[in-house]
Amino acid sequence: AQRVTQPEKLLSVFKGAPVELKCNYSYSGSPELFWYVQYSRQRLQLLLRHISRESIKGFTADLNKGETSFHLKKPFAQEEDSAMYYCALFTSGTYKYIFGTGTRLKVLA
Amino acid sequence: EADIYQTPRYLVIGTGKKITLECSQTMGHDKMYWYQQDPGMELHLIHYSYGVNSTEKGDLSSESTVSRIRTEHFPLTLESARPSHTSQYLCASRPTGGNEQFFGPGTRLTVL
């Protein structure tokens, strides 16, 4: 079955601390994974895609096919990182996206 | 400006009413999607479209219907609203050859 799991509903860290938001997936095909972010009162927007292997706003995410994971990391959290983060899997056969349940990140001063 | 628009942004309506949620995009994208999202919860795909005259049901069973008569327009209709339809509805689009989805601001629907 195709599934995306984000085990933490809420993650609270202090400003300057490292952050890791977990994402695991289940998919028989070649996965294409994304992280989307939703800041307060803003629309959902793309943060990262695994294909581009880029760092956006200090965040990085590496696809680990052996562990079927795509964890989002940032070495030093900032208050403006507080938001809702969704991991998403694109299923190329059906052109659909499967979203995880989301993790709310709170960065405390 | 190229964007994706949803109207209304907020709607409070009584049980049994027929409603249409509008979604338009000026980005020239072929693929469009409707998601249902309860606050702080995951997004559930309810409908999607590959292009004009193409519509498919998503993974979440929904009593809504959609149409795609024009590339830029993908309205969602509820023939008879019920309290269980209370939720946020997100519209998204994706260009051919790209896998990034662009989301609209959402419509928050409350059915009394």
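Lettering follows sequence order; numbering is per chain, from 1.
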Given side chains that start at C-beta, do those of B:I69 and B:V52 come closer than 4.5 Å, heavy atoms only?
no
Record all donor-acceptor atom pairs with a distance under 3.5 Å between chain A and chain B; write none if the list is empty.
residue	atom	partner	partner atom	Å
A:E32	OE1	B:N99	ND2	2.7
A:E32	OE2	B:N99	ND2	2.9
A:Y36	OH	B:Q101	N	2.9
A:R43	NH1	B:D3	OD1	2.9
A:R43	NH1	B:I4	O	3.3
A:R43	NH1	B:F103	O	3.0
A:R49	NH2	B:E100	OE1	3.0
A:Y86	OH	B:Q37	NE2	2.6
A:Y86	OH	B:M41	O	3.0
A:T94	O	B:Y50	OH	3.2
A:Y95	O	B:Y33	OH	2.8
A:K96	NZ	B:D59	OD1	2.8
A:Y97	OH	B:N99	O	2.3

Nearest 0.5 angstrom please: A:L46 CG to A:I56 CD1, how far?
8.0 Å
Determine, using the 4.5 Å side-chain heavy-atom cutoff (strictly less than), whether A:L48 and A:V37 are members of one ILVMFWY cluster.
yes
Basic-acidic side-chain contact under 4.0 Å: A:K74, A:D81:
yes
Please classify the contact of B:L45 with chain A as side chain, backbone, both or neither, using a heavy-atom distance under 4.5 Å.
side chain
Taking every heavy atom of B:G104 against every heavy atom of B:L90, the minimum-distance pair comes out as O-CD2, 4.2 Å
Under 4.5 Å between any side-chain heavy atoms of B:V111 and B:I19, yes or no?
no
